[in-house]
Trainee: 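Submitted below is the structure of interest, expressed as structure tokens.
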Amino acid sequence: MKTTQPRMYLSPPHLGTFEMEYVREAFASNWVAPLGPNVDGFEGEMASYVGSQAALALCSGTAAVHLALKLVGVGEGDAVFCSSLTFIGSANPILYERAIPVFIDSEPASWNMSPVALERALQEAEQLGRLPRAVVVANLYGQSADYDPILSLCESFGVPIIEDAAESLGATYRGKKSGTLGRYSILSFNGNKIITTGGGGMLLSDDEEAISKARFWATQARDPAPHYEHTEIGYNYRMSNILAGIGRGQLRVLEERVEARRKVFSRYKEALGGREGVDFMPEAPFGRSNRWLSVMTIDPTKASLRPIDVIKALEVENIEARPVWKPMHRQPLFAGCRYYPHQPELSISDRLFAVGVCLPSGSNLIAEDQERVISAVLKTMSC
Ligand SMILES: *Cc1c(COP(=O)(O)O)cnc(C)c1O
């Protein structure tokens with residue numbers, strides 16, 4: 001029996017009251033271009049919010065990863081280490097540059113890159129004389145990775161970090177804001193992220209010269225000349241002034257969005273956490289998550305059902321739920337790529353993929369709708 005309830009999404013956009021002011025201003029001043037005062041404003045406001053020296057607004061988070069890889073000099077045949085448990089946007093740009101991804105497993109405390117696996121991978125790479133050009137570290141579902149050990153490893157091997165903070169804007173790591181922990185950090189404003197511009201991204205760094213170079217590449221690599229002169233490959237990666245206006249309005253309410261998502265998470269945990277075999281994504285003591293997505297785990301050996309049963313049962317109620325990201329080392333696209341599990345015989349990301357369920361987590365999810373999700377989950381557990 002199909003429900004007549006409206007669809008409940010995993011992470012829908014949540015617009016506020018400030019966005020229209022900026023968009024209206026762009027219309028009024030005829031700034032409808034991939035540049036303009038909203039773009040400058042959004043870059044400056046984001047840089048000062050996270051505490052970085054420079055920012056470049058782009059058309060997607062994936063474009064930001066691509067430019068970060070170019071800035072560290074990734075080229076054909078280079079190895080690039082990358083979190084395995086992440087969205088494809090972290091990894092696809094490695095292939096754009098014909099580099100070779102090597103995937104690193106998660107650790108259980110944060111579900112993010114395992115420093116133990118990273119160390120093994122770096123040691124082996126050094127022995128083979130194939131140290132990576134960069135390590136792309138994703139901050140999963142709103143929680144920062146454990147950067148202290150990751151940074152000290154990368155420093156000792158001389159490898160720069162690209163922080164993929166697409167999911168973790170508003171989170172912190174030991175008091176530092178997500179988006180400041182890599183040599184280059186990237187954000188996404190895709191429609192499902194904690195704040196959105198409909199589609200967009202940003203590249204952040206303290207290296208202003210590098211950001212200028214990325215700006216040049218992102219604007220078709222136009223050499224300074226009165227005519228159009230090009231000596232390097234460029235991209236059309238800039239964000240439009242209209243969308244940047246939406247971003248400026250969204251950034252003003254980011255803290256509220258974080259609070260709302262954290263509240264959604266604690267309501268799920270309170271209502272479902274005590275069940276046999278049911279658990280939730282942990283929050284590691286080193287930081288504060290923005291709880292972008294609330295992720296529940298179901299251990300099928302203890303609970304009487306599998307994660308997929310819950311996802312299907314919610315679908316019947318017109319509620320969107322999904323497994324956690326399928327690890328990159330399991331993707332057909334990356335067949336044959338090297339993978340370093342947390343322990344030689346223990347792959348954490350594979351286990352999380354088998355047990356994890358992402359539940360509707362929007363900051364605009366009202367308590368009444370969340371109750372619908374909770375009772376649908378409870379129903380599957382009792383039968
Ligand atoms: C969303 C996301 C991206 C890509 O961002 P787009 O703006 O969609 O290109 C990259 N990495 C992670 C971890 C993401 O969740």
Side-chain angles (χ1 to χ4, degrees), residues 9-13 42 46 55-69 80-96 101 103-106 110-113 134-145 147 161-171 173 178-179 181-182 184-204 214 218 235-240 243-244 246-247 250-251 257 261 281 289-295 322-329 331 333-334 349 352-353 356 358 361-362:
Y9 292 100
L10 214 52
S11 182
F42 191 33
M46 186 62 80
L56 172 64
L58 296 163
C59 61
S60 73
T62 307
V65 175
H66 185 199
L67 294 180
L69 290 171
V80 175
F81 288 5
C82 183
S83 301
S84 188
L85 192 58
T86 186
F87 174 65
I88 188 76
S90 307
N92 259 336
I94 300 170
L95 300 184
Y96 300 169
F103 294 108
I104 312 293
D105 196 13
S106 301
S110 70
W111 297 11
N112 285 310
M113 187 177 280
V135 180
V136 180
V137 182
N139 300 330
L140 204 67
Y141 299 129
Q143 169 155 264
S144 178
Y147 284 92
I161 291 174
I162 296 169
E163 180 195 19
D164 181 345
E167 300 175 7
S168 65
L169 178 61
Y173 176 73
S178 238
L181 291 143
Y184 304 110
S185 298
I186 76 99
L187 304 174
S188 168
F189 313 112
N190 190 38
N192 62 350
K193 296 292 163 34
I194 191 155
I195 63 169
T196 183
T197 58
M202 204 173 276
L203 179 65
L204 298 162
Y235 305 87
N236 184 3
Y237 274 176
R238 299 299 302 276
M239 178 182 280
S240 90
L243 299 187
I246 301 175
Q250 289 264 282
L251 181 54
R257 300 295 186 255
R261 294 213 184 223
M281 182 178 184
S289 172
N290 71 16
R291 292 295 187 192
W292 173 56
L293 291 187
S294 290
V295 191
R322 285 180 188 277
V324 304
W325 302 127
K326 182 175 179 180
M328 292 299 117
H329 72 278
Q331 299 291 350
L333 177 63
F334 297 118
S349 59
L352 292 172
F353 178 57
C358 302
S361 309

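Start at 1 and go down the list; that is how both ligands and their atoms are numbered.
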Trainee: Please list, in number order, the atoms of ligand 1 under 4.0 Å from a heavy atom of A166.
Mentor: 2 (C), 3 (C), 10 (C), 11 (N), 12 (C), 14 (C)
Trainee: Under the ring-ring contact (aromatic ring centres under 6.0 Å, His included) rule, collect the residues that match up with H329, sequence neighbours excluded.
Mentor: Y339
Trainee: So, using side-chain hydrogen bond (donor to acceptor under 3.5 Å, both in side chains) as the criterion, who are the partners of Y147 when residues are at least two apart?
Mentor: N139
Trainee: Between T62 and ligand 1, which part of the residue brings a heavy atom under 4.0 Å of the ligand: side chain, backbone, both or neither?
Mentor: both
Trainee: With only distance considered, is W292 within less than 3.5 Å of ligand 1 through an N or O on each side?
Mentor: no
Trainee: Atoms of ligand 1 less than 4.0 Å from T86 heavy atoms?
Mentor: 13 (C)
Trainee: Please write down residue, atom name and distance for the protein heavy atom closest to atom 15 (O) of ligand 1.
Mentor: E167 OE2, 2.6 Å
Trainee: Are M46 and I195 packed together at the side-chain level, in the sense that at least one heavy-atom pair is separated by less than 4.5 angstrom?
Mentor: yes
Trainee: Among all protein non-hydrogen atoms, which one is nearest to atom 10 (C) of ligand 1, and what is the separation to 0.1 Å?
Mentor: D164 OD2, 3.5 Å
Trainee: Among all protein non-hydrogen atoms, which one is nearest to atom 3 (C) of ligand 1, and what is the separation to 0.1 Å?
Mentor: F87 CD2, 3.6 Å
Trainee: Does ligand 1 have an atom that lies less than 4.0 angstrom from a heavy atom of S90?
Mentor: yes
Trainee: What part of S60 sits under 4.0 Å from ligand 1 if we count only heavy atoms: the side chain, the backbone, both or neither?
Mentor: both
Trainee: Kindly confirm or rule out an N or O of G61 lying under 3.5 angstrom from an N or O of ligand 1.
Mentor: yes
Trainee: What protein heavy atom sits nearest atom 5 (O) of ligand 1, and how far off is it?
Mentor: S188 OG, 3.2 Å
Trainee: As an exercise, identify every atom of ligand 1 less than 4.0 angstrom from a heavy atom of G200.
Mentor: 7 (O)
Trainee: Quick one: look up the protein heavy atom nearest atom 1 (C) of ligand 1 and list residue, atom name and how far away it is.
Mentor: K193 NZ, 1.5 Å
Trainee: Are the side chains of T86 and V136 in touch, meaning some heavy atoms are under 4.5 Å apart?
Mentor: no
Trainee: Taking the six-membered ring where the residue is Trp, are the ring centres of F189 and F42 under 6.0 Å apart?
Mentor: yes
Trainee: Keeping N190 on the side-chain end and G61 on the backbone end, is there a donor-acceptor pair under 3.5 Å?
Mentor: no
Trainee: Compute whether any side-chain donor of one residue and acceptor of the other, for E163 and S185, lie under 3.5 angstrom apart.
Mentor: yes
Trainee: State whether the side chain of W292 and the backbone N or O of L169 hold a donor-acceptor pair below 3.5 Å, judged by distance alone.
Mentor: no
Trainee: Can you tell me if R261 uses its side chain to pair, donor with acceptor, with the backbone of S361 under 3.5 Å?
Mentor: yes
